[in-house]
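In this chain, residues are counted from 1 in sequence order. All figures in this text were calculated on a predicted structure; none of them were measured in a lab.
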Amino acid sequence: MSSLPHFRRAWGVLLICALIFLLAIFFILFTLNDRHQQLTEAAREDALWAAYQLDRENLKLSNLLRSYESNPSSVNWDSLELRFEILYSRIGLLQRGHIGELFGSEIGNLASVYQESIQVIYEMDQFFESGAESVSAELEKIIELSNRLAVLTERLVVDLKGLSALRINEERKDQQNKYLYVTLLIVLVMLTTGMLMFMLFKHMKLTANARIHAESMASDLQDAVVKAERASQAKSEFLAMMSHEVRTPMNGILGMASLLQESDLKEEQQLHIKTLHSSANSLLAILDDILDFSKLEAGRLTLESVPFSLINLAQEVIALFDITAKNKQISLELVLDDKLSSHYQSDPGRFRQVLLNLVGNAIKFTHHGKVTLNITQVDSDTVSCTIEDTGIGISPEVLETLFMPFTQADLSTTRRYGGTGLGLAISKKIIEQMGGSISVKSEEGKGSCFSFQIPLQSIDAPIANPSEIPKSSASNIIADAEPAPTRILLVEDNKVNQMVAVGLLKKLGYSCTIANNGAEALDLVEAELFDLILMDMQMPIMDGVTATKKIRQLDHPSALTPIIAVTANALPEDLKACLDAGMNDYLSKPFSKKDLSDRIEKYLSIRT
């Protein structure tokens, strides 16, 4: 129970950080939209002013021409020529900017008026270029051209005013809708994040109470075991729910930010969106750490057993941190034992996660000197990894609690370097689950040395690709199916995620039909044939797993259509359920445009 105040403080810090991130997102989006609207309105006003000036200058020229006609001696030729030159210069002002982009597609109705106005000025210019005699001889024709220009410019000014007012009203309505969507997303993320933190803290408190009760009352041991099993089951269900509820709105935030990044924005706006995207990714990293740690605590983390190259894996880790180390002007070295085997059998993903955490920490807390990763073959079945740095070091009192969750040297370390304090706790549990152990030696101000040993079985078999995803039995048939017109069916009930997916697909050049649930999707695939189906898992009326099973049972060519699960559920049992139902692949939310493109191209190429 003594650790509860520490957990309470840690959750408080995490909640405050989450709120700050969300407020920053809202502020940036508000500033970005407001600035964009101001610039657009200013540009329209400039274009409207240029048209108005053209009309005024033509009126002045017309008056001067009539005076010149009635009494040529009363008007100086130089003054008349100067007045026309001023009128001619207004063409350049009117041609600045992109009027079509400022006023919308309706500007096409004014294109002929705009072009005719310029042509009239050019015709007048032919007379003025020939000199005073030519102007005097053709004065009536010039006056007629000026009168024609007055009619054209008057219409141009009036219509541009109307279009400007129309565009302003439309953009304000659009801005209000955007603010509404963003506000709903932020509120939803705040609620789900607060719920996640509250329920995890509450569960830890209940677990601690149950542990004390079990230790003090041996006669109730069996009841405590039953309660622990129920708590573990509840935690698994909670993790599945929280993973979905948190990742769904995060997919909306990151997806919208990605679409804005690819739009036509100013440099300052690009910086704002980049900050928004980075803040959302930071929040997602915090949530991933919490979910990862909870899965380890509940014993729900499963390990793979596939062939992999430890040498290649270590080189990849070093390459990832090479730029960071160079920017900090520290040396990053990799030392490999000659006795290392070419391949081993284990979980490369979790091995990489541990190395990334430990090497990343070493670089983060080192300001000068070097960081060294040393991998040696201890015996035939054991590999040792040592990460040594010349950083700030760790005090003896902190070393005792270093591998406890949510622990860092002190609050100043959290403020200066960031992080959740879960990285080392997660790494320790992964190493122990792989059958290994980890230790640390450190002296404050002189650096640290983390060492861990893991049993690894060396093999001679060629390395397999650990990232290859199992395919359902239907995938063997798909390769022989006849290609259909390139169309994609998106089955998604969340309106924001529909907007994100449609936007990304449009950027990739694909058309898209939307179904709001599995039942609608089933009706659509019976009516027409699609190249690919993107299927959400959790939906009202009919979920994605049930819909996939029914599609695979159809006596219809659509039964062979590739189906990719697009889901916020990231637990192994959820992904297995997708594949067992007949889906070919899965894409976890939040996803990037590249993730979506890679999956689509993979299965479109199979059908062609």
Side-chain angles (χ1 to χ4, degrees), residues 285 288-289 291-293 295-296 299-325 332-363 371-388 423-424 426-438 450-471 475 570-573 575-576 579 584-588 594-595 598-599 602:
D288 283 342
D289 274 353
L291 292 172
D292 240 4
F293 180 75
K295 284 190 286 187
L296 283 163
R300 305 291 296 179
L301 190 71
T302 57
L303 296 176
E304 285 186 310
S305 180
V306 297
F308 74 104
S309 169
L310 177 57
I311 295 175
N312 291 344
L313 188 150
Q315 290 172 341
E316 291 171 4
V317 170
I318 294 299
L320 285 173
F321 291 107
D322 184 61
I323 295 178
T324 303
L332 180 59
E333 299 178 0
L334 173 63
V335 180
L336 298 173
D337 189 352
D338 293 335
K339 298 178 182 178
L340 289 172
S341 299
S342 60
H343 300 101
Y344 294 89
Q345 185 88 10
S346 187
D347 189 331
R350 294 301 174 183
F351 203 112
R352 181 186 290 105
Q353 183 178 356
V354 172
L355 286 182
L356 287 172
N357 193 350
L358 295 178
V359 175
N361 278 351
I363 293 175
V371 174
T372 304
L373 170 59
N374 193 327
I375 303 179
T376 59
Q377 187 79 44
V378 178
D379 54 42
S380 58
D381 296 320
T382 305
V383 170
S384 174
C385 298
T386 302
I387 298 91
E388 188 172 2
L424 290 177
I426 292 173
S427 297
K428 183 175 184 292
K429 288 187 176 291
I430 290 175
I431 291 170
E432 291 175 347
Q433 190 164 339
M434 296 176 75
S437 61
I438 185 171
F450 286 81
S451 299
F452 65 92
Q453 293 186 349
I454 292 182
L456 286 181
Q457 179 185 358
S458 60
I459 58 173
D460 295 325
I463 186 168
N465 184 1
S467 62
E468 185 171 342
I469 303 169
K471 307 298 185 298
S475 63
L571 297 180
E573 53 266 34
L575 304 180
K576 184 176 184 298
L579 299 175
N584 303 88
D585 212 330
Y586 59 86
L587 188 60
S588 296
K594 183 179 185 305
D595 295 333
D598 290 344
R599 292 292 195 282
K602 176 180 179 181

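To the nearest 0.5 angstrom, R599 atom CZ is 9.5 Å from K594 atom NZ. Atom CD of Q457 sits about 9.5 Å away from atom OG of S346, to the nearest 0.5 Å. Rounded to the nearest 0.5 Å, atoms CG (L310) and OG (S342) are 10.5 Å apart. Note that the CD atom of Q377 and the CG atom of D338 stand 11.5 Å from one another [nearest 0.5 Å]. Between the CZ atom of F351 and the CG atom of L356 there is a distance of 11.5 Å, given to the nearest 0.5 Å. For the atom pair CG (L373) and CD (Q315), the distance works out to 10.5 Å, reported to the nearest 0.5 Å.
Among V359, V371, L355, the single residue meeting the side chain to side chain contact (heavy atoms under 4.5 Å, CB included) criterion with F321 is V359.
Residues satisfying the side chain to side chain contact (heavy atoms under 4.5 Å, CB included) criterion with N361, sequence neighbours excluded, are N357, K364, F365, L424. Taking the side chain to side chain contact (heavy atoms under 4.5 Å, CB included) definition, one finds that E432 meets it with K428, sequence neighbours left out.
A salt bridge does not link D598 to K602: none of the charged side-chain nitrogens sits closer than 4.0 Å to a carboxylate oxygen.
When all heavy atoms of A362 and I387 are compared, the closest pair comes out as CB-CG2, 3.9 Å. Of all non-hydrogen atoms in I459 and Y344, the two that sit nearest each other are CD1-O, 3.9 Å. Scanning both residues, T376 and L340, for their nearest heavy atoms gives C-CD2, 4.1 Å. The nearest pair of heavy atoms linking S458 to S341 is CB-OG, 3.1 Å. The nearest pair of heavy atoms linking R350 to I430 is CB-CG2, 3.8 Å.
Checked by atom type and distance alone, the side chain of Q345 pairs as donor or acceptor with a backbone atom of S305 at under 3.5 Å. Between the side chain of N374 and the backbone N or O of T386 there is no donor-acceptor pair closer than 3.5 Å. Looking at D379, its side chain does come within 3.5 Å of a backbone N or O of T382 through a donor-acceptor pair.
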Inset, instruction - List the steps, then state whether side-chain contact (heavy atoms from CB on, under 4.5 Å) holds for D585 with L587. - result: CA-CA 7 Å; D585 212 330; L587 188 60; over 6 Å; no

Inset, instruction - Evaluate the side-chain contact (heavy atoms from CB on, under 4.5 Å) criterion for residues M434 and V354: first the C-alpha distance (whole Å), next the side-chain angles of each, then the deciding distance (0.1 Å), finally the verdict. - result: CA-CA 11 Å; M434 296 176 75; V354 172; 5.7 Å; no

Inset, instruction - Check the pair I438, L358 against side-chain contact (heavy atoms from CB on, under 4.5 Å), reporting the backbone distance first and the verdict last. - result: CA-CA 11 Å; I438 185 171; L358 295 178; 4.2 Å; yes

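Residue pairs meeting the salt bridge (charged side-chain N to carboxylate O under 4.0 Å, His left out) criterion with at least one partner in residues 307-319, sequence neighbours excluded, are E316-R352.
D322 has its side chain out of reach of I318: every pair of non-hydrogen atoms, C-beta onward, lies at least 4.5 Å apart.
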